[in-house]
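Below is one structure; the comments refer to it alone.
A, B, ... follow the sequence lines: proteins, then strands. Residue 1 opens every chain. Bear in mind the structure is a predicted one, so any value in this text is a computation, not a measurement.
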Amino acid sequence: MINSIRGFNDILPPETSIWQQVEKEARGIFAAYGFSEIRVPIVEKTGLFSRSIGETTDIVEKEMYTFADRHGESITLRPEGTAPVVRAYIEHKIYGNDPVAKFYYLGPMFRYERPQKGRFRQFHQIGAEVFGIDDPAVDAETLEMLVSLFQRLGLEGVSLQINSLGCKECRPLYKEKLLNFLQDKKSQLCQDCQRRYEINPLRTLDCKSPGCVEITSHAPSILDAVCGGCKNHFEKVKEYLALSHVNFSLNPKMVRGLDYYIRTTFEITALGLGSQNAVAAGGRYDGLVKDLGGPDVPGFGFAIGMERLAMLLQDNGQWRVDSGQSPVFIVILGDKAEASAFGLIKNLRQNGVRLERDYGNKSIKAQMKRADKLGAKFVLILGDNELASNSVAIKNMESGEQEKVSLDRVGEKLKTLIGVSL
RNA sequence: GUGGGCGUAGCUCAGCGGUUAGAGCAUCGGACUGUGGCUCCGAGGGUCGGGGGUUCAAAUCCCCUCGUCCACCCCA
């Protein structure tokens, strides 16, 4: 037998109904904020990702699904959504239509990592991107939209943490400061952080090892080190968030894994996700559009981890797994009834009745059992007795009451019983 | 890539050297021949993840391998 590839999971009902509802809410809210859906390919030329995400990031160095196509060109299954959207933005010269463009997308992403709780090789994101405005109001408003979506979904126990990573001018200066601070403490850092010290010193800030946490707690804060422009931008973001009644906390030690982020970055974390506790994250990426060959257009965006979100919604219980109307079941007894049932069944279904049936001439008992199992509130019974009087029996499964209704009035009767509009 | 836990029926698991591998739930049937839920009775369903080894005897012990889960790295 052939099973699925490691880290590539099937999403089965009834869980798919959670996904559908999340997607529906997201589309609704994003539309209200002026975002339109964009659909981009799931495979791109490899260079798009290595240039945008950063050559030396873990994603590019060891997590990409990269293949040579039949002409030998290196192509990659997208590990994230921002780069393809930026590519499309530039390719179609969308900046020419309007100084502002807002897009959202949803779909699978791929990273070759070891699967664990909340982490898969194929996972799904819902993301949004705003191009063209570097005003801090965009940062705040987009965050507010995201928080609103989570509220609408009834998500509890999540917290928003924000930070500023400075810009291309001031971040290198902070990096120097941090390196100076760490220099004489390097030997006390954990193995990983000694490596981080060389590769990406900012990463030492969010190390989980107690020793490193202690050391970096005395490190200079990036929020004190950023330049005037960045500081001002960040102050405004915080101010606007407060005006929007969005709760947040500052986390000057939060670092992002993608090189293109500058200034505002954030993460929404939740309890109950295990070690991978971020359910959404993002930030500002002025400069990325230009780096990828477009005009110097600023950007801001985020991505939500669908699997993680679905996990949280499932765990906090009050999620109604199946919001659909309960089905009506039709019990068919005998070949003659079967023959005359086809027309009735088609008619009812086309009028919006969610109608289930059994196949293969099963006993009435077996059919009733299945009707009960499926949660049918009403059962139609069609057998020789009913055919003789050109009627069908309708049984109320809660009260056990049963009555005969003539065939041409079944639809009408069901309408009054279950409120289907016919 | 590294470390640890776990792989026995569709699902959750028991059995941990000794008859023919079990239970609960689920499925199917019967008691109740055209009426569900409750109860009772019965049936089907297993290469005990795979391969090799030790032994008179392996689901059980050893080795290898695959899968899965959790954690690290890193990230949504």
Side-chain angles (χ1 to χ4, degrees), chain A residues 1-7 9 53-54 56-64 78-82 106-127 146 190-193 195-196 199-200 203 206-209 254-258 261 266-270 273-283 301-312 329 331-334 337 358 360-388 393-402:
Chain A
M1 124 161 188
I2 297 175
N3 24 22
S4 67
I5 302 171
R6 159 183 288 221
N9 301 128
I53 297 169
T56 61
T57 57
D58 276 39
I59 293 179
V60 171
E61 277 188 341
K62 50 182 209 192
E63 294 174 4
M64 294 206 304
R78 62 183 187 194
E80 59 108 33
T82 299
L106 42 89
M109 306 293 163
F110 306 85
R111 291 182 200 170
Y112 194 90
E113 301 180 87
R114 231 8 213 271
Q116 67 182 79
K117 192 176 173 75
R119 169 186 291 163
F120 315 95
R121 288 184 171 179
Q122 178 181 36
F123 59 103
H124 296 76
Q125 293 186 331
I126 299 182
L146 175 57
C190 72
Q191 287 294 321
D192 284 324
C193 280
R195 190 171 49 82
R196 290 176 181 126
I199 312 223
N200 186 354
R203 285 239 90 91
D206 65 357
C207 179
K208 290 166 193 161
S209 135
M254 186 180 70
V255 185
R256 305 271 66 231
L258 290 72
Y261 285 119
F266 70 93
E267 223 173 72
I268 295 185
T269 57
L273 281 178
S275 178
Q276 313 307 320
N277 63 354
V279 64
F302 66 77
I304 301 167
M306 267 302 293
E307 282 82 358
R308 294 180 187 178
L309 177 57
M311 203 183 302
L312 291 170
F329 195 92
V331 170
I332 303 163
L333 302 168
D358 248 325
N361 253 325
K362 292 197 174 162
S363 69
I364 184 170
K365 186 185 188 65
Q367 295 188 58
M368 288 298 293
K369 261 189 154 162
R370 199 162 105 85
D372 186 59
K373 191 184 177 187
L374 294 177
K377 296 272 198 305
F378 297 95
V379 170
L380 307 180
I381 300 169
L382 189 61
D384 290 341
N385 295 347
E386 289 75 20
L387 283 177
I394 299 187
K395 176 166 184 167
N396 179 325
M397 293 293 275
E398 273 164 17
S399 65
E401 285 163 14
Q402 186 168 322

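- B:C48 and B:A14 have their C1' atoms separated by 13 Å, with the value rounded to a whole Å.
- A:Lys365 comes within contact range of at least one nucleobase, with a heavy-atom separation under 4.0 Å.
- In the interface, the side chain of A:Gln402 is paired with the base of B:U35 through a donor and an acceptor atom under 3.5 Å apart.
- Nucleotides B:G46 and B:G1 have their C1' atoms positioned 37 Å apart, rounded to a whole Å.
- Remark: the A:Asp372 side chain and the B:G37 base include no donor-acceptor N/O pair separated by less than 3.5 Å.
- A:Gln276 has a side-chain polar atom (N or O) that falls below the 4.0 Å cut-off from OP1 or OP2 of B:C72.
- In a base pair of the Watson-Crick type (N1 to N3 plus N6-O4 or O6-N4) or a G-U wobble (N1-O2 and O6-N3), with each distance short of 3.5 Å, B:U68 is matched with B:G5.
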Review item, nucleotides 3-9 of chain B N/O atoms under 3.5 Å of protein N/O:
residue, atom, partner, partner atom, Å
B:G3, O6, A:Arg114, NH2, 3.4

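- Using a 4.0 Å heavy-atom criterion, one finds that A:Asp384 contacts the bases of the nucleic acid, with or without backbone contacts as well.
- A:Ala371 comes within contact range of no nucleotide atom at all, as no heavy-atom separation falls under 4.0 Å.
- A 3.5 Å limit on both hydrogen-bonding distances identifies B:C11 as the Watson-Crick or G-U partner of B:G24.
- Between B:G15 and B:U20, the two C1' atoms lie 15 Å apart (nearest whole Å).
- Contact annotation for A:Ile381: base contact, defined as any heavy-atom pair under 4.0 Å involving a base atom.
- Contact between the side-chain N/O atoms of A:Arg6 and the OP1/OP2 oxygens of B:U68 is found at a separation under 4.0 Å.
- Look at CG on A:Leu146: it is 13 Å from P on B:A76, rounded to the nearest Å.
- Look at A:Lys362 and you won't find any side-chain N or O under 4.0 angstrom from OP1 or OP2 of B:G29.
- Geometrically, A:Arg121 engages A:Tyr112 in a cation-pi contact, judged by NZ or CZ lying under 6.0 Å from the ring centre and within 45° of the ring axis.
- Using Watson-Crick or G-U wobble geometry with both donor-acceptor distances under 3.5 Å, B:G29 finds its partner in B:C41.
- Spacing between atom CD of A:Glu113 and atom P of B:U2 amounts to 16 Å, rounded to whole angstrom units.
- For the P atoms, the distance from B:G18 to B:U60 is 11 Å, rounded to whole Å.
- For the OP1/OP2 pair of B:C72 and a distance below 4.0 Å, the side-chain nitrogens and oxygens of A:Ser275 include at least one atom meeting the criterion.
- Distance CD1 (A:Ile364) to C1' (B:G34): 4 Å, rounded to an integer number of Å.
- Within the 4.0 angstrom heavy-atom criterion, no nucleotide atom of any strand lies near A:Phe329.
- OP1 or OP2 of B:U27 sits under 4.0 Å from a side-chain N or O of A:Lys373.
- Using C1' as the reference atom, B:A26 and B:A43 are 14 Å apart when rounded to the nearest Å.
- Across all strands shown, A:Arg370 has no heavy atoms under 4.0 Å from either base or sugar-phosphate atoms.
- Within 4.0 Å of A:Gly282, counting heavy atoms only, lies no atom of the nucleic acid at all.
- A straight line from CG of A:Asn3 to C1' of B:G50 spans 13 Å, rounded to a whole angstrom.
- Between the CG atom in A:Leu380 and the NZ atom in A:Lys395 there is a gap of 13.0 Å [rounded to 0.5 Å].
- We find that CG of A:Asn277 is positioned 12 Å from P of B:C73, with the value rounded to whole Å.
- Across all strands shown, B:C75 forms no Watson-Crick or G-U wobble pair with both key distances under 3.5 Å.
- Under the Watson-Crick and G-U wobble criteria, each requiring two contacts below 3.5 Å, nucleotide B:U35 is left unpaired.
- The side chain of A:Gln116 lies closest to B:A71 when the candidates are B:A76, B:G36, B:A71.
- Between A:Pro79 and A:Met109, the shortest heavy-atom distance links the atoms O-CB, 3.9 Å.
- At the heavy-atom level, A:Gly400 lies under 4.0 Å from base atoms of the strands shown.
- Base contact: A:Glu386 has a heavy atom under 4.0 Å from a base atom.
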